**Q** 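Below is a structure I'd like to ask you about.
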Number of protein chains: 2
Amino acid sequence: MSQREADMSEIEPISAKTMELAGQIVEIARSENIGRGDRLYEHRLANRLGVSRGPVRAALRSLAQSGLAEAIPNKGFVLAQDLDSEIALRALRAGDTSEAAYLAIANDRLTGALPDTVSEAELMRRYDLKRAELLRLLDRIASEGWVERLRGYGWKFTQTLNSPLAYAQTGRLRMMIEPGGILEPTFQWNAELMGPVREHQKRVQADGMRVFTLSEMFRFGCEVHEAIAECSGNAFLVETLRRINRVRRLFAYKFIPDLQMVEQHTREHLQLLDLLEKGDRTEAAALMRTHLHWSGGGDQIA
Amino acid sequence: MSQREADMSEIEPISAKTMELAGQIVEIARSENIGRGDRLYEHRLANRLGVSRGPVRAALRSLAQSGLAEAIPNKGFVLAQDLDSEIALRALRAGDTSEAAYLAIANDRLTGALPDTVSEAELMRRYDLKRAELLRLLDRIASEGWVERLRGYGWKFTQTLNSPLAYAQTGRLRMMIEPGGILEPTFQWNAELMGPVREHQKRVQADGMRVFTLSEMFRFGCEVHEAIAECSGNAFLVETLRRINRVRRLFAYKFIPDLQMVEQHTREHLQLLDLLEKGDRTEAAALMRTHLHWSGGGDQIA
DNA sequence: TTTTGTTATTTGTCGCGTAGAAATACAAAA
DNA sequence: TTTTGTATTTCTACGCGACAAATAACAAAA
């Protein structure tokens, strides 16, 4: 062990990427109902997050540094605080750093502050990003379909996002494909997939907005729909729904959901799952249609 | 004028990009029925291709060099050969250079020669591409949705393409959204958009496989469907259909369409357009459904 | 057997300078 | 007025070396 590492109080510099991972670890822990004192397995987290153990380790160290986790020699890390503690929420928020630029761009776009076409240099200046970071971001946005590379210089935002009607349009499209997916001949209930999904809805029903953040509830909602789509056996349908949901998230911040609405949605999600588990697909498709319909073509919390 | 340029017989080195543009100029000329002796306007081509006049100019010079176009001082370029001549077809094919690696990857993927996850270095070696070229390609593939960046190293191919069922799945999804789009309350016939589309179908009906290449006919077919989707007024629907069609193109090479099938498709396309122009959307949606249905969930030439 | 700790190897990133491409603006010709 | 020809400015692409980060494989502990 080097001399530097022997100094326990040394403050490691924490990269943005590590912070992001740390935040996602907290997210996972929350969604899996992991409590104080439970172990945080490197390997599982790495698999779940799609990275190797190295970066996960770094993120866990950073969580330990902030006091949320504790390192136990030859036993890895255990959770040292409850996950609704202030310190946990801070880690969650801190992880959103990379999200910040993304949301800023989305917002500027929605409010018309960004022109239709921009050069990379302009974006780098505007959002204070390095080229690689920016390109990563543009990649992601392009994969969501609201920006595309021009042949020469610069990037062009598609017209998809600029209209207040866009959100409604996502709803119309979902009304075509989601009930359609349920009625596909290849549809097959996937119990394993649905376990945690239903669990999440139950917890939202029980604790609701008291415990969960808005974006968590939104994600849980999307999860229901995407899991159902997954059962359709049509990969393109699932892909399409995922893409739509990623865009819907941008609008979701604009709406303030009220408690009653969240409750109704959650109830309907559970109903949907029950019907599908029983194999009553016709009924489920009908419910899905009304579920998607009743707020004018697009529902607010998924 | 410099000494170098004064030497008329000098052979300029032609970049891959220029070749690509040259090929696309030929494509455009073919689809717009431009004949021998007609002028090729720089500015219009530049707009259409989404680049500035500079590169278009270079491409035109390269076409002149191959004898397909002729440069007339202060009058730009005119077409010097008919567009179904051997020399024109050669230009078309030469433009596909960048397409080559793309198709190679797609093919290796469809045949299972490529593993699910690969590193950039591996791909660079395998297809003999520079990093920038590769990244451009991966960008494009990612935007089509069949590869995604891993968080650490490498890229991961989605499961979308690996199955022989995939093509059928695209058909199922189209059967949900295309008739749906026609029935949208926001649907509005767009005469301007449809003019050239119908024109192309008429020409295919008249000249068919005698004049047009397979990929041209495929494109014209997609064009019909996408233009109709465009009328739905739902940007997400259009986006989705475009994405599906880009993927379908990969499969299309596998099928050998027979003359009769092409004829029936073209006839149905024209019927669809007629119905929609008359405003008979219910009928059109029904026809669209059977049109998409009759070859088992996915039709071959669009 | 599972999980953590450690290390070697591979891979991608970043910064920077240069070369070259594209956009823009403007002049000249048809 | 439209289109081509040209010059200037601005921006991007590319190569390269050093560096940082991630992976994979292996060893050790529980």
Side-chain angles (χ1 to χ4, degrees), chain A residues 1-2 5 12-18 20-21 39-47 49-61 64 71-78 117-125 129-136 138-139 149-156, chain B residues 1-2 5 12-18 20-21 39-47 49-61 64 71-78 117-125 129-136 138-139 149-156:
Chain A
M1 192 177 276
S2 79
E5 281 171 15
E12 282 184 66
I14 297 168
S15 76
K17 232 174 234 176
T18 300
E20 191 182 337
L21 273 183
R39 283 179 74 178
L40 298 165
Y41 298 102
E42 281 181 9
H43 195 65
R44 292 181 202 169
L45 288 170
N47 277 354
L49 291 167
V51 295
S52 65
R53 282 171 47 217
V56 169
R57 212 178 168 66
L60 286 170
R61 272 203 301 269
I72 298 177
N74 288 322
K75 208 158 169 256
F77 294 83
V78 298
T117 69
V118 281
S119 72
E120 291 181 8
E122 169 67 19
L123 288 170
M124 284 167 66
R125 273 194 298 273
L129 295 167
K130 288 175 220 140
R131 175 168 242 95
E133 289 173 330
L134 176 66
L135 287 179
R136 200 63 85 94
L138 286 171
D139 269 359
R149 212 193 186 98
L150 290 175
R151 302 195 54 165
Y153 294 167
W155 296 72
K156 176 172 193 246
Chain B
M1 195 178 276
S2 81
E5 281 171 17
E12 282 184 65
I14 296 169
S15 75
K17 230 173 238 176
T18 299
E20 192 183 335
L21 272 183
R39 284 178 73 177
L40 299 165
Y41 298 102
E42 279 182 9
H43 194 66
R44 292 180 202 170
L45 289 170
N47 277 355
L49 292 165
V51 296
S52 63
R53 279 168 49 214
V56 169
R57 211 177 168 66
L60 286 169
R61 272 202 301 269
I72 298 179
N74 286 321
K75 211 159 168 253
F77 294 82
V78 298
T117 69
V118 282
S119 72
E120 290 180 9
E122 170 67 19
L123 289 170
M124 283 167 65
R125 273 192 299 273
L129 295 167
K130 287 177 219 137
R131 176 170 240 94
E133 290 172 331
L134 176 66
L135 287 179
R136 198 67 83 90
L138 287 171
D139 267 1
R149 206 193 193 102
L150 290 175
R151 303 193 55 166
Y153 293 171
W155 296 72
K156 175 171 194 248

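All values reported here derive from a predicted model rather than from experimental measurement. Here is how names work: the chains are called A, B, and so on, in the same order as the sequence lines, proteins then strands, and each is numbered from 1.
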**Q** Collect all protein-nucleotide pairs involving nucleotides 1-3 of chain D in which both atoms are nitrogen or oxygen and the distance is under 3.5 Å.
**A**
| from | atom 1 | to | atom 2 | distance (Å) |
| --- | --- | --- | --- | --- |
| D:dT3 | OP1 | B:R44 | NH2 | 2.7 |
| D:dT3 | O3' | B:R39 | NH2 | 3.3 |

**Q** Counting any heavy atom closer than 4.0 Å, what does A:G54 reach on the DNA or RNA strands: base, sugar-phosphate only, or nothing?
**A** base
**Q** Could you pull out all residues at least two apart from B:R39 that satisfy side-chain hydrogen bond (donor to acceptor under 3.5 Å, both in side chains)?
**A** none
**Q** Quick test: give all pairs of protein nitrogen or oxygen and nucleotides 12-19 of chain C nitrogen or oxygen below 3.5 Å, distance rounded to 0.1 Å.
**A**
| from | atom 1 | to | atom 2 | distance (Å) |
| --- | --- | --- | --- | --- |
| C:dG12 | OP1 | B:E120 | N | 2.8 |
| C:dG12 | OP2 | B:A121 | N | 3.3 |
| C:dT13 | OP1 | A:R136 | NH2 | 2.6 |

**Q** How long is the line joining CZ of B:F77 and C1' of D:dG5, in whole Å?
**A** 11 Å
**Q** List in chain and number order the residues that pass side chain to side chain contact (heavy atoms under 4.5 Å, CB included) with B:R57, two or more places apart in sequence or in another chain; answer none if no residue qualifies.
**A** B:E42, B:R61
**Q** Please name all residues satisfying side-chain hydrogen bond (donor to acceptor under 3.5 Å, both in side chains) with B:E133, sequence neighbours left out, ordered by chain then number.
**A** none
**Q** For A:P55 and for B:G76, locate the closest nucleotide of DNA chain D by heavy-atom distance; then report the residue assigned to the nucleotide nearer the 5' terminus.
**A** B:G76
**Q** B:R151 has an atom CZ; how far is it from atom P of D:dA22, in whole Å?
**A** 10 Å
**Q** Calculate the interatomic distance between A:R57 atom CZ and D:dA24 atom P; express it in whole Å.
**A** 17 Å
**Q** Test of understanding: with side-chain hydrogen bond (donor to acceptor under 3.5 Å, both in side chains), list the residues that count as partners of B:R151, not counting sequence neighbours.
**A** A:Q24
**Q** Output the rounded distance in Å from CG (B:L150) to P (D:dA21).
**A** 19 Å
**Q** Pick the nucleotide of DNA chain C nearest each of A:N74 and B:P73; which residue has the one closer to the 5' end?
**A** A:N74
